[in-house]
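Inspection log for the structure reproduced underneath, given as structure tokens.
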Amino acid sequence: MRRSILPAVVFLFIITQSLHAQCSDAGACVIGGAPVESRHQVSLRYVFGSSGGDDPLTFHTVQFDGVLDLIEGGALILRLPYRMIDGPLGSTSGIGDLTLLWRQQLWSDHGNTLSLQAGGKIATGPVNEEGLPQAYQPGLGTNDVIVGLSYETAPWIFAAGYQISTGRSDNDVDRLARGDDLFARAGYRTFIDDVNLGLEVIAIQRLAEDNIRHPVVDDGEFFVDVPDSDQLQVNVMGTSSYEIDERISLLGQVAVPLLQRDVNIDGLKRALTVSVGVQVGI
């Protein structure tokens, strides 16, 4: 049996209490998020989030993640959430959007690995639950393309990616069309006693303002840009895992903002995000 998990609990508590967490990710954060290992992995997480602000939303998510090592140097990465959203206008719940990526090692030597990751986010989640705006919906309503590169040289990891948002959501209220996202991350992973700790800086730049149906003009085809919806976001993310045995690990994660994102038309803004879960190696 491993030693106490107290270092991980203290680590997560400190950074959660120090600053409010913010995360706004439409899918690109999957790039570089799973370390390269030669085995299958599945995990199940509970994620709590709150948007804060004048129109606060609360998010409860049960998220399944999988890494299937199918061929030498190649793996399928998948993510599927079930989301429950509560806010002043009402509540919704449902399956979210499915993210699928193929990760292919391009080069590996003495613990250094360069990988290409490509795939997309599939609009499997509903976008018109209870007749509420897009921010309340389990899905984003678009089929997106995601591509990126990740480089691991223990204990460091670096990654960059691009998410192309295609089309417009069918949400009857907003008809949201998101801008593309440019993504980058840099992280450090280490051990304290028997606890694996990580600290990452994640930056997401939306390259164009979001576009929605005009909230006043009674014309279903009259659209306007949302001011300041293309803000740069820079977050610090802390991760923790504790190995119960060689196959099973307990997981924890929080995110801390360095640059705030004000607009929440897409429902991705968070004023607090905390997740816990379990990972199993197969």
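In this structure, the side chains of L98 and L100 come closer than 4.5 Å at one or more pairs of heavy atoms. A 4.5 Å side-chain heavy-atom check between T92 and L132 finds at least one atom pair inside the cut-off. A heavy-atom distance below 4.5 Å is found between the side chains of P133 and L89. Two residues are said to be in side-chain contact when any heavy atoms from C-beta on lie closer than 4.5 Å; W107 and S115 fail this criterion. In this structure the side chain of Y242 never reaches within 4.5 angstrom of the side chain of N196, judged on heavy atoms. Between I146 and I31 there is a side-chain heavy-atom pair separated by less than 4.5 Å. At a threshold of 4.5 Å between non-hydrogen side-chain atoms, the residues I202 and V234 do not count as touching. Residues E129 and Q137 form a side-chain contact, since some pair of their non-hydrogen atoms from C-beta on lies under 4.5 Å apart.
The cluster map of Ile, Leu, Val, Met, Phe, Trp and Tyr, joined by side-chain heavy atoms under 4.5 Å apart, puts L182 and L232 in different clusters. Both I248 and L68 belong to a single network of hydrophobic side chains, linked directly or stepwise wherever heavy atoms of I, L, V, M, F, W or Y lie under 4.5 Å apart. Linking Ile, Leu, Val, Met, Phe, Trp and Tyr whenever their side-chain heavy atoms come within less than 4.5 Å leaves Y82 and V47 in two separate clusters. Hydrophobic clustering keeps V263 apart from F59 (ILVMFWY residues linked when any side-chain heavy atoms are closer than 4.5 Å, directly or through intermediates). Side-chain heavy atoms closer than 4.5 Å link hydrophobic residues (I, L, V, M, F, W, Y) into clusters, and following such links, possibly through other members, connects I122 to F64.
With R247 contributing its side chain and G281 its backbone, the two residues share a donor-acceptor pair below 3.5 Å. Of the possible polar contacts, none joining the R185 side chain to the V201 backbone as a donor-acceptor pair under 3.5 Å is found. Put simply, the side chain of D210 gets close to the backbone of G179: a donor and an acceptor are under 3.5 Å apart. Between the side chain of N128 and the backbone N or O of D172, at least one donor-acceptor pair lies under 3.5 Å. Under a 3.5 Å cut-off, the side chain of H40 and the backbone N or O of I282 do not form any donor-acceptor pair. Using modelled atom types, one side-chain atom of R168 and one backbone atom of R175 make a donor-acceptor pair closer than 3.5 Å. Judged by distance alone, with hydrogens and angles left aside, the side-chain atoms of D174 form no donor-acceptor pair with the main-chain N or O of L176 at under 3.5 Å. The backbone N or O of R270 lies less than 3.5 Å from no partner atom in the side chain of T273, so there is not a single donor-acceptor pair. Remark: side-chain polar atoms of Q253 are not paired, donor with acceptor, to backbone N or O of S240 under 3.5 angstrom. Looking only at distances, a side-chain donor or acceptor of T124 sits under 3.5 Å from a matching main-chain atom of G96.
Using a 4.0 Å cut-off between a side-chain N of Lys or Arg and a carboxylate O of Asp or Glu, R178 and D266 do not qualify as a salt bridge. For D262 and K269, the salt-bridge test fails: no basic side-chain N is under 4.0 Å from an acidic carboxylate O.
Using modelled atom types, one finds no donor on one side chain facing an acceptor on the other under 3.5 Å when comparing S169 with N171. Between the side chains of S165 and D180, no donor-acceptor pair of N or O atoms lies under 3.5 Å. Defined by atom type and a distance below 3.5 Å, a donor-acceptor pair is present between the side-chain atoms of S150 and Q117. A donor atom on one side chain and an acceptor atom on the other are not found under 3.5 Å apart for N235 and Q233. A donor and an acceptor atom, one from each side chain of T153 and N112, are located under 3.5 Å apart.
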Inset, instruction - Start with the C-alpha gap between D144 and I164, add the side-chain angles, then the distance that decides, and say whether side chain to side chain contact (heavy atoms under 4.5 Å, CB included) holds. - result: CA-CA 5 Å; D144 297 355; I164 303 171; 6.0 Å; no

Inset, instruction - Check step by step if side chain to side chain contact (heavy atoms under 4.5 Å, CB included) holds for Q163 and K121. - result: CA-CA 9 Å; Q163 181 164 351; K121 180 187 66 64; 4.0 Å; yes

Inset, instruction - Test L44 against Q63 for side chain to side chain contact (heavy atoms under 4.5 Å, CB included), laying out the working first. - result: CA-CA 6 Å; L44 193 67; Q63 179 175 293; over 6 Å; no

Inset, instruction - Show your working on side chain to side chain contact (heavy atoms under 4.5 Å, CB included) between Y162 and L207 and close with a plain yes or no. - result: CA-CA 10 Å; Y162 191 90; L207 299 180; 3.3 Å; yes

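Put simply, OG1 on T99 and CG on D65 are 9.0 Å apart, with the number rounded to the nearest 0.5 Å. The distance from atom CG of L106 to atom CG of L149, rounded to the nearest 0.5 Å, is 6.5 Å. In this structure, the separation between OH on Y136 and CD1 on I85 is 10.0 Å, given to the nearest 0.5 Å. The distance from the CG atom of L76 to the CD1 atom of I71 is 11.0 Å, given to the nearest 0.5 Å. With rounding to the nearest 0.5 angstrom, the CG atom of L57 is 9.0 Å from the CG atom of D86. We find the OG-CE distance between S275 and M237 to be 9.0 Å, quoted to the nearest 0.5 Å.
Taking both residues in full, the closest heavy atoms of A135 and N264 are given as CB-O, 3.6 Å, listed atom of the first, atom of the second, then distance. Summarising the geometry of Q134 relative to I265, their closest heavy-atom pair is CB-O, 3.8 Å, with the distance given to 0.1 Å. Of all heavy-atom pairs spanning A118 and V147, the tightest one is CB-CG1, 4.1 Å. Annotation for P138 and S93: closest pair CG-C, 3.7 Å, computed over non-hydrogen atoms. Nearest heavy-atom pair across R206 and A208 is CG-O, 3.2 Å. Residues A177 and G167 share a closest heavy-atom pair of CB-O, 3.8 Å.
Using cut-offs of 30° and 60° on the angle between ring planes, the pair Y188 and W156 is perpendicular.
Note: F48 and H60 meet the aromatic proximity criterion, with ring centroids under 6.0 Å apart.
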